[in-house]
> 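Mind having a look at this structure? Questions to follow.
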Amino acid sequence: AAAAAAGMTPTSRTSSSSSSSSSSSSSRGILIVGGSRAHLGNAYILLRMLRQHLHCRLPIEVVYYGRQELDPAAAALVRGVIAAEKAAGQPRIAFIDGLEAQKRHIGHLQPHSEDVKLTGWVAKVHALCWVTSFQQVLLLDSDNLPVQDPEVLFEAPNFTSNGFLLWPDFWRNLWMEPAVYRLLNLSVPWEVNPKGFLAAESGQILLDRSAHADVLEWLWLLNSHHEVVYECVVGDKDTYRMAFHLAGKGQQYVQVAAHPQELLGDVGSHVSSNRFFHLGMGQATPDGAALMFLHRTARGKFFPWCAAKRRLHGSCQPALLTLPVAQEQLEASVRDAGAMRFDADSIDAHWHVNNCVAVVAGNEAPELSSNKWAMPLPACNYTLGQLPIVALPPAAIPGLPQYLAALDAVFMEAQQ
């Protein structure tokens with residue numbers, strides 16, 4: 001990172017035009033990085049939901065790093081899905097060892113050392129930069145579940161215009177330090193735009209790699225020097241913004257405008273406390289009109305922890321989904337931003353009855369969207385920031401209860 005600050009550019013690779021060009025479906029696909037029992041188990045659940053419930057036909061690459069990450073039971077589940085597709089004559093899932101790509105690339109990159117450890121966030125970025133064969137790629141965390149076929153995202157106007165799309169986090173600059181921006185001679189974004197800035201949430205990233213090969217070089221430079229960069233930001237998620245600005249493409253760094261939703265789990269009947277806990281975050285479609293992703297960012301995301309929890313009469317499925325929330329609402333509603341536990345009086349689960357109008361799936365949401373999405377969010381007389389936090393039952397979103405039931409069935413099968 002210090003080399004970049006001093007003016008050293010990353011290793012050169014050919015970059016095409018700065019806007020996303022039309023692409024055949026064969027150059028589009030989904031990239032999932034997941035090793036270890038937990039992450040491969042989640043990858044299996046994601047594969048099952050994409051193929052059997054959403055009927056998504058995009059090709060998929062599942063990347064792990066070395067034999068030590070291949071838990072036998074979890075790897076067998078993933079290979080079972082791959083074998084089923086081969087048997088049907090439609091092999092569209094690849095299972096890739098990212099260390100093989102490391103052997104081909106890492107030793108030839110300067111000023112990168114040869115001993116870059118490909119684990120955690122660094123492995124995720126390495127797979128995006130050096131392993132995937134897709135030119136237009138949807139990078140998904142293994143614990144992140146699309147609730148509708150994600151292929152439609154490749155035609156979203158803000159992606160086709162810019163070749164990049166990222167989603168926001170709940171927070172502005174919580175757990176972030178400005179030092180790395182100043183080291184790189186970049187403006188500190190929350191100082192430039194203190195009210196409008198939201199940190200990134202990289203559980204889902206849409207990128208045209210052919211349009212932004214120069215951005216990928218900067219992205220790899222930043223994350224391969226994680227010992228410096230991660231001292232100031234949480235993992236990879238805000239390095240995408242830095243990389244676009246370092247490449248001189250700040251205008252093409254695009255985040256979805258809609259704030260995320262809280263996914264609230266109940267504590268289970270074995271606990272006599274009237275509380276909810278943070279289960280994850282819901283992310284909207286690019287226009288904010290419908291639900292697109294359920295990202296299980298809490299501990300309960302890990303398989304088989306959810307199945308074990310069910311034995312205690314708890315749940316790993318959301319009991320409630322809030323309307324989009326801002327940092328101020330969360331700060332006023334939880335005692336600890338790390339624990340994210342909500343007392344019942346901080347959540348209003350009834351407000352929507354008199355203040356929201358359901359939108360029928362397949363119909364256009366008035367004044368919200370020119371697209372037709374599955375799982376449209378209700379139209380509400382809602383002001384971002386209002387308290388207590390407004391929450392909806394899953395039944396308020398058409399198709400979501402059926403999706404959650406299918407997901408629960410996959411969890412049950414995997415546990416068996």
> Taking K249 first and then D214, would you say they form a salt bridge - that is, a charged N and a carboxylate O separated by under 4.0 Å?
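Judged by the 4.0 Å cut-off on N to carboxylate O distance, K249 and D214 do form a salt bridge.
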> Heavy atoms, side chains only, cut-off 4.5 Å: are V254 and L166 in contact?
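SC-SC contact between V254 and L166 ruled out.
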> Evaluate the criterion side-chain contact (heavy atoms from CB on, under 4.5 Å) for residue pair L153 and F159; output intermediate values, then yes/no.
CA-CA 8 Å; L153 293 173; F159 175 69; over 6 Å; no
> Using 0.5 Å steps for rounding, measure from the CG atom of L392 to the CG atom of L377.
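One finds 8.0 Å between CG of L392 and CG of L377.
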> Between Q204 and H295, does any side-chain donor sit less than 3.5 Å from a side-chain acceptor?
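No, H295 and Q204 have no side-chain donor paired with an acceptor closer than 3.5 Å.
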> Distance only, no hydrogens: is a donor on one side chain within 3.5 Å (strictly under) of an acceptor on the other, for Q255 and Y253?
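The answer is yes; a qualifying pair exists.
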> Any ion pair linking E151 and R28 (charged N to carboxylate O, less than 4.0 Å)?
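Result for this pair is no, no salt bridge flagged.
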> Is the backbone of G34 close enough, under 3.5 Å, to the side chain of S142 for a donor and an acceptor to pair up by distance?
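Not confirmed, S142 side chain does not pair with G34 backbone.
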> Between atom CD1 of I347 and atom CG of L264, what is the distance when rounded to the nearest 0.5 Å?
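Rounded to the nearest 0.5 Å, the CD1-CG separation comes to 5.0 Å.
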> Which pair of non-hydrogen atoms, one from V215 and one from A247, has the smallest distance, and what is that distance?
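Scanning both residues, the minimum pair turns out to be CG2-CB, 3.9 Å.
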> Are any of the side-chain nitrogens in E227 or K117 under 4.0 Å away from the carboxylate oxygens of its partner?
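Answer for the salt bridge query: no.
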> Evaluate the side-chain proximity of Q251 to F244: yes if any heavy-atom separation is below 4.5 Å, no if none is.
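No - every pair of side-chain heavy atoms lies 4.5 Å or more apart.
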> Any side-chain donor-acceptor pair under 3.5 Å between E262 and H278?
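On atom types as modelled, these side chains qualify, holding a pair under 3.5 Å.
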> Answer yes or no: is there a donor N or O on one side and an acceptor on the other, between the side chain of D208 and the main chain of S210, under 3.5 Å?
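The answer is yes, because a donor-acceptor pair under 3.5 Å joins these two groups.
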> How close do R51 and C56 get, counting heavy atoms only, and between which atoms?
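Closest approach of R51 to C56, heavy atoms only: NH1-O, 2.7 Å.
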> For a side-chain contact (heavy atoms from CB on, under 4.5 Å) check, start with the C-alpha distance between N355 and C380, then their side-chain angles and the critical distance, and finish with the verdict.
CA-CA 6 Å; N355 294 278; C380 300; 5.6 Å; no
> Okay, side chain of D141, backbone of D143: is any donor-acceptor separation there less than 3.5 Å?
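No, D141 side chain to D143 backbone: no donor-acceptor pair under 3.5 Å.
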> Is there a side-chain contact (heavy atoms from CB on, under 4.5 Å) between L323 and L384 once you walk through the steps?
CA-CA 8 Å; L323 291 179; L384 184 70; over 6 Å; no
> How far does CG of L246 sit from CZ of R241, to the nearest 0.5 angstrom?
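Separation between the atoms: 12.5 Å.
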> May I ask you to test the M49-Y44 pair for a side-chain heavy-atom distance under 4.5 Å?
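Result no, sub-4.5 Å side-chain heavy-atom pair not found.
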> Kindly indicate, with the supporting measurements, whether the criterion side-chain contact (heavy atoms from CB on, under 4.5 Å) is fulfilled by I32 and V63.
CA-CA 6 Å; I32 304 165; V63 178; over 6 Å; no
> Working note: Y240 + W218, criterion ring pair (Phe, Tyr, Trp, His ring centres under 6.0 Å); need CA distance, chi angles, decisive distance, verdict.
CA-CA 9 Å; Y240 300 89; W218 286 108; over 10 Å; no
> Is it true that W171 and F197 have ring centroids separated by less than 6.0 Å?
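Between F197 and W171, which both carry aromatic rings, the centre distance is not below 6.0 Å.
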> Is the centre of the F293 ring less than 6.0 Å from the centre of the W167 ring?
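Yes, ring centres under 6.0 Å apart.
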> Would you mind reporting whether P150 and L50 have side-chain heavy atoms less than 4.5 Å apart?
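Side-chain contact under 4.5 Å: yes.
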> Ignoring hydrogens and geometry, is there a side-chain-to-backbone donor-acceptor pair from Y65 to A123 under 3.5 Å?
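Checked: pair present.
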> Minimum heavy-atom separation for R92 and E85, please, with both atom names.
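Distance-wise, the nearest heavy atoms are N-OE1, 3.0 Å.
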> Locate the shortest heavy-atom distance separating P401 from P394; write the atom from each residue and the value.
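So the two residues come closest at CD-O, 3.6 Å.
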> Is a side-chain N or O of K86 found less than 3.5 angstrom from the main chain of P91, in a donor-acceptor match?
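Between the backbone of P91 and the side chain of K86 there is no qualifying donor-acceptor contact (under 3.5 Å).
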> Below 4.5 Å, heavy atoms only, C-beta onward: do V78 and L47 meet side chain to side chain?
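The answer is yes; the side chains approach within 4.5 Å.
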> I need the minimum non-hydrogen distance between P286 and W373, along with the two atoms involved.
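Minimum heavy-atom contact is CD-CH2, 3.9 Å.
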> Is L165 close to V256 at the side-chain level, that is, under 4.5 Å between some pair of heavy atoms?
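Of all side-chain heavy-atom pairs linking L165 with V256, at least one is under 4.5 Å.
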> For the atom pair CG (L263) and CD (Q317), what is the distance rounded to the nearest 0.5 Å?
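Answer rounded to 0.5 Å: 10.0 Å.
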> Under 3.5 Å, side chain of D408 to main-chain N/O of L404, donor-acceptor pair present?
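No, the answer is negative, given that no donor and acceptor are paired below the 3.5 Å cut-off.
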> Main chain of L128, side chain of R209: is a donor-acceptor contact present, judged purely on distance under 3.5 Å?
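Checking the backbone N and O of L128 against the side chain of R209, a donor-acceptor pair under 3.5 Å is found.
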> Any side-chain heavy-atom pair from S27 and F134 closer than 4.5 angstrom?
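Sidechains of F134 and S27: no contact.
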> Could you tell me whether the side chain of R172 and the main chain of Q327 form a donor-acceptor pair under 3.5 Å?
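No; judged by distance alone, with no hydrogens or angles, the pair does not exist.
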> Could you grab the distance from atom NE2 of H352 to atom CG of L321, nearest 0.5 Å is fine?
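It is 11.0 Å, given to the nearest 0.5 Å.
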> Does a side chain donor of either T132 or E61 reach within less than 3.5 Å of an acceptor in the other side chain?
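Looking only at side-chain atoms, E61 and T132 do form a donor-acceptor pair, the distance falling under 3.5 Å.
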> Checking the side chain of N223 only, and the main-chain atoms of L219 only, is there a donor and an acceptor separated by less than 3.5 Å?
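Side chain of N223 to backbone of L219, a donor-acceptor pair under 3.5 Å: yes, one is there.
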> For the atom pair CD1 (I45) and CD (E413), what is the distance rounded to the nearest 0.5 Å?
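Result: 10.5 Å between the selected atoms.
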> Under 6.0 Å between the ring centres of W121 and H226?
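Ring centres of H226 and W121 not closer than 6.0 Å.
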> So does N162 get a backbone contact from the side chain of H212, meaning a donor-acceptor N/O pair under 3.5 Å?
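Side chain of H212 to backbone of N162: a pair is present.
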> Give me the atom names and distance for the closest heavy-atom approach of L279 to P318.
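It is CD2-N, 3.5 Å.
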> Can you confirm whether E328 is buried at CD, in the sense that more than 12 heavy atoms of other residues, nucleotides or ligands lie under 6.0 Å from that atom?
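Yes, CD of E328 has more than 12 neighbouring heavy atoms, counting only those of other groups under 6.0 Å.
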> Under 4.5 Å between any side-chain heavy atoms of L198 and F170, yes or no?
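L198 does not reach F170 side chain to side chain.
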